[in-house]
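Values below: all heavy atoms of this structure, side chains included; hydrogens, waters and symmetry mates excluded. The model shown is predicted, which means the values in this text are computed figures rather than measured ones. Every number for a ligand or one of its atoms is a count from 1 in the order of the listing.
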Amino acid sequence: MAEPMHCYRHPKRETRVSCATCGRPICTECMVATDVGIKCPDDARLPRGARAGVMKSDQLVRSILAGVGVAVAGIPIAYVLFLLPFTWLISAAAGYGAGTLINRAGGRNGGPLAIVISVLATAVPFLVLLAPDLLAGALDPRPLIAMVFAVIAAGVANRQV
Ligand SMILES: [Zn+2]
Ligand SMILES: [Zn+2]
């Protein structure tokens, strides 16, 4: 027979059950049955979706690489966009595409990090092209509006579902 353990929340209670996540012993009163085993209240409290949005380091690296690729490839794309009518509309579509690409590169986890990478990657080409006007203080608001649409769309593409 294994040595009885004591509940980490009730040090006087003996138990043979431990949490499937953290391994801490828990008494029958504290334990929570989940679909992935018995857990302590701390770990059981985590929402189901808590794991979504947490990227593994290799997914994060791929997301950043995809972000850099989008930023670089986006410069000529944004340049062409500025010459077209409905720049804001096409920018939003391009931003959504960019965000989706980065989301897939990151294992479709989404979450705050993927949103940050997507937003930055989408904003970079616009900022590069708009920088001369910005510095000259003679900025046309239309490309800025297009950038806002693109950035929002990139973020939306990475929302957690
Ligand atoms: Zn636990
Ligand atoms: Zn307990």
Vertex the Zn ion (ligand 2), arms to Cys27 SG and Cys30 SG, rounded to 10°: 100°
Looking only at side-chain N and O atoms, does Thr21 offer a donor or acceptor that is under 3.5 Å from a partner on Lys39? yes
Does Asp43 bring an N, O or S atom to within less than 2.8 Å of the Zn ion (ligand 1)? yes
Between Arg13 and Glu29, does any side-chain N to carboxylate O distance fall below 4.0 Å? yes
Opening angle at the Zn ion (ligand 1) [SG, Cys40; SG, Cys19; to 10 degrees]: 110°
What about the rings of Tyr79 and Phe126, do their centers lie closer together than 6.0 Å? no
Side-chain donor-acceptor pair present, Tyr8, Asp42, cut-off under 3.5 Å: yes
Of all N, O or S atoms in His10, which has the smallest distance to the Zn ion (ligand 2)? ND1
